[in-house]
*Asks:* 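To start, I am sharing the structure in question, which I have written as structure tokens.
Below, read A as the first sequence line, B as the second, and so on, with proteins coming before strands; counting in each chain starts at 1. Computed from a predicted model, the values in this text were never measured in an experiment.
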Number of protein chains: 2
Amino acid sequence: MGTREELDVLLAIHSTPARRYLKSDPIPDETIRVILDAAIRGPSGGNQQGWGWIVVKDLEVKQEIQKFYLEGWERAYGYQKDEILNSTGQDGLGKRNFLSAEHLANNLAEAPVWVIPVLKNVNQSPRAGSSIYGAIQNLMLAARSFGIGSTLTTLYSAYEEEVKVILGLPSEYMTMALIPLGYPSKGRWSQPKRQPIEEVTHWEKWGQLKNT
Amino acid sequence: MGTREELDVLLAIHSTPARRYLKSDPIPDETIRVILDAAIRGPSGGNQQGWGWIVVKDLEVKQEIQKFYLEGWERAYGYQKDEILNSTGQDGLGKRNFLSAEHLANNLAEAPVWVIPVLKNVNQSPRAGSSIYGAIQNLMLAARSFGIGSTLTTLYSAYEEEVKVILGLPSEYMTMALIPLGYPSKGRWSQPKRQPIEEVTHWEKWGQLKNT
């Protein structure tokens, strides 16, 4: 099993940015198991656990799916390249994240392991993800404690039907994300940049911010 | 600020079950801030951070919303009481979780702090939650390191419009969950019970399970 760093949970949370520059070095299966065993401790509505976790390591399969991802990337962000590279501010991608996300789109298949979580009989509600994305966060935090970087992506999702065929996924399941995992080749375990909590915390009612 | 336990991230993940028996003892605002500052390190699509975090401590407001929650509980689970109390197996609520969830439904307003995360311009996709539920998992793990229990709930959500009015929420926002926080009055930081990973991990393609 890969080496794991003991890491306080708050430190882990504050040092798990999206890592998009990943080496192709393999990840031991046993490490993947430990990471998934952490993932599934996350919540699901009524503890139904309607999930499956597909681990993809086959390069050809990854390359096939990467084509869809790259098209999704181009339509969502790629076409805005000039605009984003000239923007400022802490919301949105920003220059550095744009370039790393572009790198990921072009090199997705190089990540040694992908995890594709799927969910059964998903209702068409924006809250449906409450039964999977908490578990995915567990996955990314557990990976981080092994020095393994990850990113939560969904850019392939306009090609859901094609991806389902490639994975052999039954019709009642839906892919919820594609998480490339790998040891980082560039970057740091830096704190994810966000708007300060004072600007997004409302006390008792919407709009009641306070700075103390 | 409340006392915090240094806790390895994997241990935290494996010892954060839903905690539904909560004391009404107050939680310091500074602790709430630290917990929310961990939450917002979570991912959101394109790092848009279209979120807000409403902290509710006012007992009357909580009691008003609890009425909606209780109706949601009754319709989703309460009416199945006999059936669930006689069921076995590791998926679904199970007897012990049913009783604790029933307790929560009846005592929700007693939890000293609720956090209600909201999201702007949510698209009607089951993947929309990828921009909030990871952050909510961070919140629950950070709370756990302060010895504060939580549960991810959405049972109030049939009354979204009523809750929005109570919170003064603008129409372009949607509540994504209601998370009661409090120091536990009963129970343990036990490992959340789940189906074993061997049964939910598929290698390369759907259906390819392996036990080694």
Side-chain angles (χ1 to χ4, degrees), chain A residues 6-10 12-14 18 33 36-38 40-43 46-49 51-56 58 91-93 97 122 124-130 133-134 136-138 141-142 145 152 154 157 167-170 174 176-177 192 194-195 197 200-207, chain B residues 6-10 12-14 18 33 36-38 40-43 46-49 51-56 58 91-93 97 122 124-130 133-134 136-138 141-142 145 152 154 157 167-170 174 176-177 192 194-195 197 200-207:
Chain A
E6 280 238 346
L7 188 63
D8 172 67
V9 58
L10 271 193
I13 289 170
H14 282 277
R33 273 192 206 92
L36 288 177
D37 197 40
I40 62 166
R41 305 303 154 180
N47 196 25
Q48 283 298 319
Q49 308 167 61
W51 53 43
W53 302 82
I54 307 180
V55 177
V56 180
D58 186 294
D91 60 335
L93 269 186
N97 277 332
V122 178
Q124 290 296 314
S125 152
R127 296 193 191 91
S130 60
Y133 294 113
I136 291 173
Q137 186 67 13
N138 279 356
L141 292 171
S145 78
L152 171 55
T154 58
S157 62
L167 300 174
L169 199 62
M174 180 174 173
M176 299 303 284
R194 300 289 185 263
Q195 296 170 61
I197 50 158
V200 296
T201 308
H202 304 251
W203 297 83
E204 303 297 350
K205 267 187 196 295
W206 182 261
Chain B
E6 280 239 345
L7 188 63
D8 173 68
V9 58
L10 271 193
I13 288 171
H14 282 276
R33 273 193 207 92
L36 289 177
D37 198 41
I40 62 166
R41 305 303 155 180
N47 196 27
Q48 282 299 318
Q49 306 167 63
W51 53 44
W53 303 82
I54 307 180
V55 177
V56 180
D58 185 294
D91 61 335
L93 268 186
N97 277 332
V122 178
Q124 290 296 314
S125 153
R127 296 193 191 92
S130 60
Y133 293 114
I136 290 173
Q137 186 67 12
N138 278 356
L141 292 171
S145 79
L152 171 54
T154 57
S157 62
L167 300 174
L169 199 62
M174 178 173 173
M176 299 302 285
R194 300 289 185 264
Q195 297 171 61
I197 50 158
V200 296
T201 307
H202 304 251
W203 297 83
E204 303 297 350
K205 269 187 195 294
W206 181 262

*Asks:* Measure distances from A:S125 to the heavy atoms of chain B and classify the residue's part below 4.5 Å as side chain, backbone, both or neither.
*Replies:*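 Interface part for A:S125: backbone (N, CA, C, O).
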*Asks:* At a heavy-atom distance under 4.5 Å, which candidate from B:I136, B:N97, B:V122, B:L141 has the highest pair count against chain A?
*Replies:*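 Top option by heavy-atom pairs under 4.5 Å: B:L141.
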*Asks:* To the nearest 0.5 Å, how far apart are CD in B:E6 and CG in A:L7?
*Replies:*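 Interatomic distance, B:E6 CD to A:L7 CG, rounded to 0.5 Å: 9.5 Å.
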*Asks:* Quick check against the 3.5 Å criterion: does A:Q49 have a side-chain atom that pairs as donor or acceptor with the backbone of B:Q195?
*Replies:*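 Yes.
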*Asks:* Taking B:A128's backbone N and O only, do any of them form a donor-acceptor pair with A:Y133's side chain (distance below 3.5 Å, no angle check)?
*Replies:*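 Such a contact is absent between A:Y133 side chain and B:A128 backbone.
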*Asks:* For each of B:P170, B:S145, B:A177, tally heavy-atom pairs with chain A at distances under 4.5 Å, and name the one with the top tally.
*Replies:*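 Heavy-atom pairs under 4.5 Å are most numerous for B:P170.
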*Asks:* May I ask you to name which of B:L36, B:N138, B:D58 has the most heavy-atom pairs under 4.5 Å with chain A?
*Replies:*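 Between B:L36, B:N138, B:D58, the count favours B:N138.
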*Asks:* Taking C-beta and beyond as the side chain, do A:T201 and A:W203 meet within less than 4.5 Å on heavy atoms?
*Replies:*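 Yes, their side chains come closer than 4.5 Å.
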*Asks:* Can you tell which part of A:V56 gets under 4.5 Å to a heavy atom of chain B, answering side chain, backbone, both or neither?
*Replies:*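 Both backbone and side chain.
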*Asks:* Using 0.5 Å steps for rounding, measure from the CG atom of B:L167 to the CH2 atom of A:W206.
*Replies:*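 Nearest 0.5 Å value for the CG-CH2 distance: 10.0 Å.
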*Asks:* Among B:K205, B:E204, B:M174, single out the residue with the greatest number of heavy-atom pairs under 4.5 Å to chain A.
*Replies:*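 The option with the most such pairs is B:E204.
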*Asks:* Using heavy-atom distances under 4.5 Å, tell me whether A:A12 contacts chain B through its side chain, its backbone, both, or neither.
*Replies:*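 For A:A12, side-chain heavy atoms alone lie under 4.5 Å from chain B.
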*Asks:* Answer with side chain, backbone, both or neither: which region of A:L152 has an atom nearer than 4.5 Å to a non-hydrogen atom of chain B?
*Replies:*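 A:L152 touches chain B through side-chain heavy atoms alone.
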*Asks:* Heavy-atom pairs under 4.5 Å with chain A are the metric here; pick the option from B:S130, B:G207, B:S157, B:P43 that has the most.
*Replies:*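 Among B:S130, B:G207, B:S157, B:P43, the one with the most close pairs to chain A is B:S130.
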*Asks:* Of all of A:G42, A:A18, A:G52, which one pairs up most often with chain B through heavy atoms under 4.5 Å apart?
*Replies:*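 Counting heavy-atom pairs under 4.5 Å, the top option is A:G42.
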*Asks:* Between B:R41 and A:H14, is there a donor-acceptor pair closer than 3.5 Å when you use the side chain of the first and the backbone of the second?
*Replies:*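 No, the answer is negative, given that no donor and acceptor are paired below the 3.5 Å cut-off.
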*Asks:* Would you name the heavy atoms of B:L10 and A:A38 that are closest together and state the gap between them?
*Replies:*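 Result for this residue pair: CD2-CB, 3.8 Å.
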